Amino acid sequence: MALPEEAGRERAEDFRAEHNLGIAPIDDMVDVLEQAGLDVVVMRVPDNSGEAGLTMHDPVSGQTVVAVAAIPWSGRQRFTLAHELAHHLKGEHLSGEKLHGHRNAREMEADSFARHLLLPIAAALAVSEEHPQDVAVQVDLLVRRFDVSPAVACLQLEKLDKRGVNRALLELQRTRSAKQLAATNGWLGLWQQRSAAAQQPQGPRRLMARLAAAYRDGMAPLSELADWSNTSREDLAAALAETSSESGE
């Protein structure tokens with residue numbers, strides 16, 4: 001039987017191959033989960049809840065919904081989405097189980113899947129070969145390009161075990177936040193955009209599309225669609241009525 005780290009990596013690589021993702025960064029994790037048949041809800045939770053995400057399955061309808069917290073850290077939110085996807089792919093619809101105060105093998109495998117899905121080893125290797133002498137640059141590029149936490153980037157670089165990875169330097173980079181890396185290396189604006197998006201509550205996109213169609217057909221009130229869209233009725237009505245003023249020429 002494969003160890004959790006190996007099993008998670010293999011499943012993530014198979015998933016990327018099946019969905020033609022190559023080793024490129026994944027821009028939209030919600031879209032990836034939707035392609036796998038999941039609906040995603042981003043919702044505000046109390047700061048002290050300790051809840052990052054969970055998967056809920058209705059055995060009657062067969063529908064599965066992943067709920068994640070609206071938080072300022074996009075890398076952490078994306079990791080949670082990937083972690084919950086791992087549980088779904090294995091039919092594990094109850095996540096977060098603890099065993100004697102420690103994370104069990106199922107949770108460790110889901111973590112491994114999430115890490116390898118978001119940042120493939122081959123991509124980490126390519127960046128390490130771009131800048132073989134500068135661990136700080138490697139970590140910064142991986143965090144920026146793949147929208148992962150420094151901890152995830154450092155773990156993947158450690159997995160390379162190539163030319164004697166400097167673990168002391170990696171450990172130093174692991175203590176830094178993505179925001180600090182962004183501020184230090186000139187991409188704080190990008191970090192702020194990602195952070196703002198990660199804090200935005202949103203309903204399931206497929207449900208939202210059906211609600212919008214129902215509203216156009218006079219079958220659903222604008223207020224309900226606005227509530228799910230986390231916006232005012234006035235702004236939503238204006239967006240639905242807007243015509244394009246953009247030109248490609």
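Predicted model only: the values in this text are computed from it and were never measured.
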Check whether any side-chain heavy atom of [X] lies under 4.5 Å from a side-chain heavy atom of [Y], and answer yes or no.
X: Val143; Y: Trp191; value: no
X: Pro201; Y: Met43; value: no
X: Leu117; Y: Met29; value: yes
X: Ile121; Y: Arg9; value: yes

Where do [X] and [Y] come nearest, in terms of heavy atoms and distance?
X: Pro150; Y: Ser177; value: CG-C, 3.8 Å
X: Gln63; Y: Gly37; value: NE2-O, 4.0 Å
X: Ala178; Y: Trp187; value: O-CH2, 4.1 Å
X: Ala123; Y: Leu142; value: O-CD2, 4.2 Å
X: Pro4; Y: Ala105; value: CB-O, 3.8 Å
X: Leu54; Y: Glu84; value: C-OE1, 3.6 Å

| query | Once the angle between the rings of His87 and His83 is folded into 0 to 90°, is it parallel (under 30°), tilted (30 to 60°) or perpendicular (over 60°)? | reply |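 Perpendicular.
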Between [atom1] of [X] and [atom2] of [Y], what distance do you get to the nearest 0.5 Å?
X: Leu169; Y: Leu157; atom1: CG; atom2: CG; result: 11.5 Å
X: Arg205; Y: Asp31; atom1: CZ; atom2: CG; result: 6.5 Å
X: Arg145; Y: Asp140; atom1: CZ; atom2: CG; result: 9.5 Å
X: Asp235; Y: Leu240; atom1: CG; atom2: CG; result: 11.0 Å
X: Arg174; Y: Ser149; atom1: CZ; atom2: OG; result: 9.5 Å
X: Phe15; Y: Arg11; atom1: CZ; atom2: CZ; result: 11.0 Å

| query | Who pairs with Glu5 by side-chain contact (heavy atoms from CB on, under 4.5 Å), at least two apart in sequence or on another chain? | reply |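 Per chain and number, Glu5 pairs via side-chain contact (heavy atoms from CB on, under 4.5 Å) with Ser112, Arg115, His116, Lys159.
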| request: Compute whether any side-chain donor of one residue and acceptor of the other, for Gln138 and Asp134, lie under 3.5 angstrom apart. | output: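 Short answer, no.
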| Side chains of Glu171 and Thr175, donor plus acceptor under 3.5 Å |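 No, no side-chain donor-acceptor contact under 3.5 Å.
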If hydrophobic clusters are built from ILVMFWY residues whose side chains come within less than 4.5 Å, do [X] and [Y] share one?
X: Leu190; Y: Val139; result: yes
X: Leu125; Y: Leu155; result: no
X: Leu172; Y: Leu160; result: no
X: Ile23; Y: Phe79; result: no

| request: Would you sort out whether Arg176 and Thr184 count as a side chain to side chain contact (heavy atoms under 4.5 Å, CB included), showing the intermediate values? | output: CA-CA 11 Å; Arg176 307 182 76 187; Thr184 302; 3.2 Å; yes
Sub-3.5 Å donor-acceptor pair from the side chain of [X] to the main-chain atoms of [Y], do we have one?
X: Gln156; Y: Leu119; result: yes
X: Thr64; Y: Leu38; result: no
X: Gln199; Y: Ser195; result: yes

| said: Between Glu13 and Arg16, does any side-chain N to carboxylate O distance fall below 4.0 Å? | reply: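 Salt bridge: no.
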| side chain to side chain contact (heavy atoms under 4.5 Å, CB included) between Leu181 and Gln173, intermediate numbers included | CA-CA 9 Å; Leu181 288 179; Gln173 295 304 311; 4.0 Å; yes
| said: Does atom CZ (Arg233) have a neighbourhood of more than 12 heavy atoms from anything else shown, all under 6.0 Å? | reply: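 Check fails, neighbour count at 12 or below.
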| task | Kindly determine whether Ile71 and Thr80 satisfy side chain to side chain contact (heavy atoms under 4.5 Å, CB included), including the steps that lead there. | result | CA-CA 11 Å; Ile71 55 176; Thr80 299; 5.9 Å; no
| request: Kindly state each residue pair satisfying salt bridge (charged side-chain N to carboxylate O under 4.0 Å, His left out) with at least one member in residues 72-82, sequence neighbours excluded. | output: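 Listed by first then second residue: Arg78-Asp147.
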| task | Check the pair Phe146, Val152 against side chain to side chain contact (heavy atoms under 4.5 Å, CB included), reporting the backbone distance first and the verdict last. | result | CA-CA 10 Å; Phe146 289 85; Val152 166; over 6 Å; no
